[in-house]
Visitor: 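So that we are looking at the same thing, I have put the structure below in structure tokens.
Below, each value reflects all heavy atoms present in this structure, side chains not excepted, and no hydrogens, waters or symmetry copies.
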Amino acid sequence: TGSPLSYRPEVHQPAVNASTLGRTGRFFELTRELFSIFGDETRGSNNWVVTPGASTTGHALLANDPHLRLSSPAIWWGNHITITGGDDAISVAGTTFPGIPWVIIGFTPRIAWGVTTAGYDVTDVYQEEVTPGANGQSDTVRFNGQQVPIQVINETVRDSTGGSIAARIEVVPHHGPIVPAISNNAIQPRTGNRALSIRWTGHAPTTEFQAFLDVSYAANAAEARRRVQAFGVGAQNWVIADVMGGVEYTSHANIPVRAAGALTWSPTNVTGTNPCMVLPGTGEAEWTGNQPPERIPGATGSTARPFIATANNDQAGVTLDNNPFDAPAYLGCSFAWGWRQERIVQRLTALNGRISREDLEAVQSDVRVLAGGRFRPFLMEAGARLEAAWTTAGTHPDLTALAAELMPRQARIRSALMRVQAWSLDGASGVGDGVSATQRADSVASSIFHAWLGRMFQRTLADENNALRQPGVPFGYDTLRAVLNLLERPMELRTRDMSTGQSTIWDDLNTADVRESRDWILLKSLDEALSGLETTYGSADMDRWLWGERHTVRFGALVPGAPVDIPSARDPMHPNGFPRAGGIEVVDASGGGWSPSVSTGAMGLVLRYNFSYGSGPSQRFTVDLDPAGPVAWNVVPGGQSMDPRSPHFRDGADLWWRNRSHRVHVLERDVAGAAASRVRFTAQ
């Protein structure tokens, strides 16, 4: 589309030859599988802070729901650390990752903080020019006109069977490890005169743990913001509030400054270099330091800024002109679209300066599908043109043949279009007690919309991806951005067709004798999606296509095979998982497998949808920063016990899936009053 679409350099850099990509493909595939442990949205989360003047209590408020894998046991572990006496005295409560002996998200008697992933670009991939070593010498790479030897590290790695694997890791000294070729679960010897290396800010020592310690000891939000500067890798959007009413936002991290040779790409020079693609490794595209603090987004709450919200969106607007490389400071090129942050701001603004802590929880539970409002008009326009083609043959030549093909299913298509048009954009579950007729109608429309969207993405981009030797269509932020550009800004793209006013991307490369149009793709995708929904739900009755019947969540075992799934497949109420509202890029993150599986059956193409999901709000944390002591509530999707026989094994899960929470007690009298049991350890 004339803009960088992803961090995946193996996709978007034509200067990298096919053999190099082929050697590294398996490594990137395994890396993505590893990251999936942390959730489908590894960069997802919401947080926001509210100033005292906009709250009902006159106190600052804070909310945070980080989106990670929804597992059993939960990724987060609730903890409370108290140190009495001396300069180290502290009481800090919240959650941490098991094994990290402090609090990652939490509060003290003075402040509270929450984090979301910032999405800054802190990794570069370089294409190295390799020269084989002579007479047993090391191979070298060309760098600034010199030949630099490749370093070799030999490691022995234990595997899960009790055996070991010999790993030979090559490292370019000034960049980092060379991406290995992996075949049959083993690293293969490198061949050829090209290789890819990876440079990441995390390859150098940094002090993230110190940052969390320092923030915990801060006297107020402003001091905590300064102390975040100890945080180097894994850039986060920090929101911080204190009991005196202070509200701060910072996203400090080590963000590289790139040399001019790394930033020659522009809309008129699409073969230029940029850090979102593969860079030349010969010296002209190096890091020259880190961005100074004043170039990194941050803010202070005030009367004019009564709340600050982040949701992995573009904090500084560097991508709004479709060119993140012309900003005063290059920060990154791949951020969330912004619908979650937009909806949070809508909800907070509508409360008109009367925001309560309970309102924060209500916003965390919001499932309005703003994406529907952006995509729906184009489907409705295509539907209107189809009606005209049905009424008067030849009205729209690009749809003549398709209109005839769809005529036997005219009633089904009309019903689906009317349901989506009437949709309130509420991603309602539609199942359970007390469901209204409106919620059921919204539920059916949610099923139709998401099924259509997933199939439309496949129809639009699969042929181009296959031509690029990258089968499949990843359903992520950048895919959304690409397809919306095709729909909303076709004449600004390099793929524009002046004769049609559309992008040539709509044409299917696999049909040489047919030129598909935008509306052909949208309508064909709808027809196929409806057939897929009939197969998925086992019924042609659309009223039975309730979103919550298939849009479910199960907290799967972290340890494969362990009998700790919540709910289990034997659960009499929810054998298929908890039914959930939600949808694409809603605040209450609930991304599912929108893209259907495609196979060929006796009657032709067969689509099946699996709308279940496995990542989302891994906790829902809210705090009222009362000067008498912060009042905090939270819930994680599980419990503090991994023993299925424990009454606390799934008490958190039963709150979580209903969007409820529990009080986080920190005072000794409150903890004792809420305790169900007590264990006392005594020294012998």
Visitor: Locate the shortest heavy-atom distance separating Asp242 from Ala221; write the atom from each residue and the value.
Guide: OD2-N, 2.9 Å

Visitor: Check whether any side-chain heavy atom of Asp588 sits under 4.5 Å from a side-chain heavy atom of Asn659, and report yes or no.
Guide: yes

Visitor: Atom CD of Gln421 and atom CZ of Arg376: how far apart are they, to the nearest 0.5 Å?
Guide: 5.5 Å

Visitor: Please answer whether the main-chain N or O of Gly234 pairs with a side-chain N or O of Gln236 as donor and acceptor at a distance below 3.5 Å.
Guide: yes

Visitor: Within this structure, what is the CH2-CD distance for the pair Trp77 and Gln640, rounded to the nearest 0.5 Å?
Guide: 4.5 Å

Visitor: Working to the nearest 0.5 Å, report the span between CD of Gln439 and CG of Asp442.
Guide: 8.0 Å

Visitor: At their closest point, which heavy atom of Gly332 faces which heavy atom of Asp121, and how far apart are they?
Guide: CA-CB, 3.7 Å

Visitor: Okay, side chain of Gln458, backbone of Pro596: is any donor-acceptor separation there less than 3.5 Å?
Guide: yes

Visitor: So, does Arg658 use its side chain to make a donor-acceptor pair with the main chain of Asp654 at under 3.5 Å?
Guide: yes

Visitor: Is Val318 close to Phe325 at the side-chain level, that is, under 4.5 Å between some pair of heavy atoms?
Guide: no

Visitor: Determine, stepwise, if the pair Tyr537 / Ser447 fulfils side-chain hydrogen bond (donor to acceptor under 3.5 Å, both in side chains).
Guide: CA-CA 10 Å; Tyr537 284 90; Ser447 297; 3.2 Å; yes

Visitor: Can you see whether His67 engages Asp65 through a side-chain donor-acceptor pair at a distance of less than 3.5 angstrom?
Guide: yes

Visitor: Go through it in stages, so that I can follow the logic: the residues are Arg226 and Thr250, the test is side chain to side chain contact (heavy atoms under 4.5 Å, CB included), and I'd like the CA-CA distance, side-chain angles, deciding distance and then a yes or no.
Guide: CA-CA 9 Å; Arg226 292 191 297 271; Thr250 182; over 6 Å; no

Visitor: Taking the side chain as every heavy atom from C-beta outward, state whether Leu61 and Ile355 have any pair of such atoms under 4.5 Å apart.
Guide: yes

Visitor: Does the pair Arg550 and Tyr609 meet the rule for a side chain to side chain contact (heavy atoms under 4.5 Å, CB included), with working shown?
Guide: CA-CA 8 Å; Arg550 293 292 185 272; Tyr609 287 92; over 6 Å; no

Visitor: Could you tell me whether the side chain of Arg305 reaches within less than 4.5 Å of the side chain of Ile308, counting heavy atoms only?
Guide: yes

Visitor: Return yes if a side-chain donor-acceptor contact under 3.5 Å exists between Thr96 and Asn79, otherwise no.
Guide: no

Visitor: Please evaluate residues Leu461 and Val483 with respect to the criterion side chain to side chain contact (heavy atoms under 4.5 Å, CB included), reporting the C-alpha separation (whole Å), side-chain torsions for both, the decisive distance (0.1 Å), and the verdict.
Guide: CA-CA 9 Å; Leu461 298 177; Val483 177; 4.0 Å; yes

Visitor: Is it true that the side chains of Trp48 and Thr310 contain a donor and an acceptor less than 3.5 Å apart?
Guide: no

Visitor: Quick check against the 3.5 Å criterion: does Ser618 have a side-chain atom that pairs as donor or acceptor with the backbone of Pro66?
Guide: yes

Visitor: Taking NZ, NE, NH1 and NH2 as the nitrogens, is one of them in Asp543 or Arg419 under 4.0 Å from a carboxylate oxygen of the other?
Guide: yes

Visitor: Pairing donors with acceptors under 3.5 angstrom, does anything connect the side chains of Ser661 and Glu361?
Guide: yes

Visitor: Quick one: does Arg580's side chain get under 4.5 Å of Tyr613's, heavy atoms only?
Guide: yes

Visitor: Step by step, would you call Glu549 with Arg544 a salt bridge (Lys or Arg N to Asp or Glu O under 4.0 Å)?
Guide: CA-CA 9 Å; Glu549 293 285 355; Arg544 296 179 61 182; over 6 Å; no

Visitor: Tell me whether the NZ or CZ atom of Arg225 lies within the 45° cone about the ring axis of Trp238 and under 6.0 Å from its centre.
Guide: no

Visitor: How close do Ala93 and Val666 get, heavy atom to heavy atom, and via which atoms?
Guide: CB-CG1, 3.5 Å

Visitor: Apply ring pair (Phe, Tyr, Trp, His ring centres under 6.0 Å) to the pair Trp113 and Phe107, showing each step before the final yes or no.
Guide: CA-CA 6 Å; Trp113 65 94; Phe107 64 102; 8.3 Å; no

Visitor: Is it the case that over 12 heavy atoms from other parts of the model lie below 6.0 angstrom from the CZ atom of Arg660?
Guide: no

Visitor: Is a side-chain donor or acceptor of Arg343 paired with a backbone partner of Val587 at a separation under 3.5 angstrom?
Guide: no

Visitor: Indicate yes or no for a side-chain donor-acceptor contact from Ser55 to the backbone of Pro52 under 3.5 Å, with no hydrogens or angles considered.
Guide: yes

Visitor: Give me the atom names and distance for the closest heavy-atom approach of Thr116 to Asn46.
Guide: CG2-C, 3.4 Å

Visitor: Do we see a donor-acceptor contact under 3.5 Å between the side chains of Asp314 and Thr319?
Guide: yes

Visitor: Could you tell me whether a side-chain N or O of Arg340 sits under 3.5 Å from a main-chain N or O of Ala311, the two making a donor and an acceptor?
Guide: yes

Visitor: Just checking Arg440: does its CZ atom have more than 12 heavy atoms from other residues, nucleotides or ligands closer to it than 6.0 angstrom?
Guide: no

Visitor: Measuring from atom OG1 of Thr460 to atom CZ of Arg518, what distance do you get when rounded to the nearest 0.5 angstrom?
Guide: 11.0 Å

Visitor: Verify salt bridge (Lys or Arg N to Asp or Glu O under 4.0 Å) between Arg650 and Asp571, making sure each step is shown before the conclusion.
Guide: CA-CA 13 Å; Arg650 57 176 281 176; Asp571 188 297; 3.2 Å; yes

Visitor: How many angstroms lie between atom CG of Leu625 and atom CE of Met244, to the nearest 0.5 angstrom?
Guide: 10.0 Å

Visitor: Looking at Arg295 and Pro328, would you say the former's side chain and the latter's main chain have a donor-acceptor pair under 3.5 Å?
Guide: yes

Visitor: Using a strict 4.0 Å threshold on nitrogen-to-oxygen distance, state whether Arg368 and Glu585 make a salt bridge.
Guide: no

Visitor: I want to check something: taking the side chain as every heavy atom from C-beta on, are Asn634 and Trp76 in contact at a cut-off of under 4.5 Å?
Guide: no

Visitor: Given side chains that start at C-beta, do those of Val586 and Trp339 come closer than 4.5 Å, heavy atoms only?
Guide: no

Visitor: Can you give me the closest heavy-atom contact between Phe335 and Gly119, atom names plus distance?
Guide: CE2-O, 3.8 Å

Visitor: Indicate the ring-plane relationship of Trp547 and His450, choosing parallel, tilted or perpendicular according to the 30° and 60° boundaries.
Guide: parallel

Visitor: For Asp626 and Val243, what are the C-alpha separation, side-chain angles and deciding distance, and is it a side chain to side chain contact (heavy atoms under 4.5 Å, CB included)?
Guide: CA-CA 6 Å; Asp626 189 333; Val243 295; over 6 Å; no

Visitor: Flag the pair His551 / Pro579 as yes when at least one side-chain heavy-atom distance between them is below 4.5 Å, and no otherwise.
Guide: no

Visitor: Could you please spell out the steps behind the ring pair (Phe, Tyr, Trp, His ring centres under 6.0 Å) verdict for Trp633 and Phe621?
Guide: CA-CA 6 Å; Trp633 292 66; Phe621 177 52; over 10 Å; no

Visitor: Do Trp452 side-chain atoms and Leu522 backbone N/O form a donor-acceptor pair below 3.5 Å?
Guide: yes

Visitor: Rounded to the nearest 0.5 Å, what separates atom CD in Glu223 from atom CZ in Arg110?
Guide: 8.5 Å

Visitor: Between Asp359 and Arg354, does at least one N-O distance fall below 4.0 Å, as a salt bridge requires?
Guide: no

Visitor: Applying side-chain hydrogen bond (donor to acceptor under 3.5 Å, both in side chains), can you list everything that pairs with Asn610, at least two apart in sequence or on another chain?
Guide: Ser612

Visitor: What closest approach, in Å, do Phe231 and Glu208 show between heavy atoms, and which atom pair accounts for it?
Guide: CE1-CG, 3.7 Å

Visitor: Are the side chain of Arg620 and the backbone of Trp656 linked by a donor-acceptor contact shorter than 3.5 Å?
Guide: yes

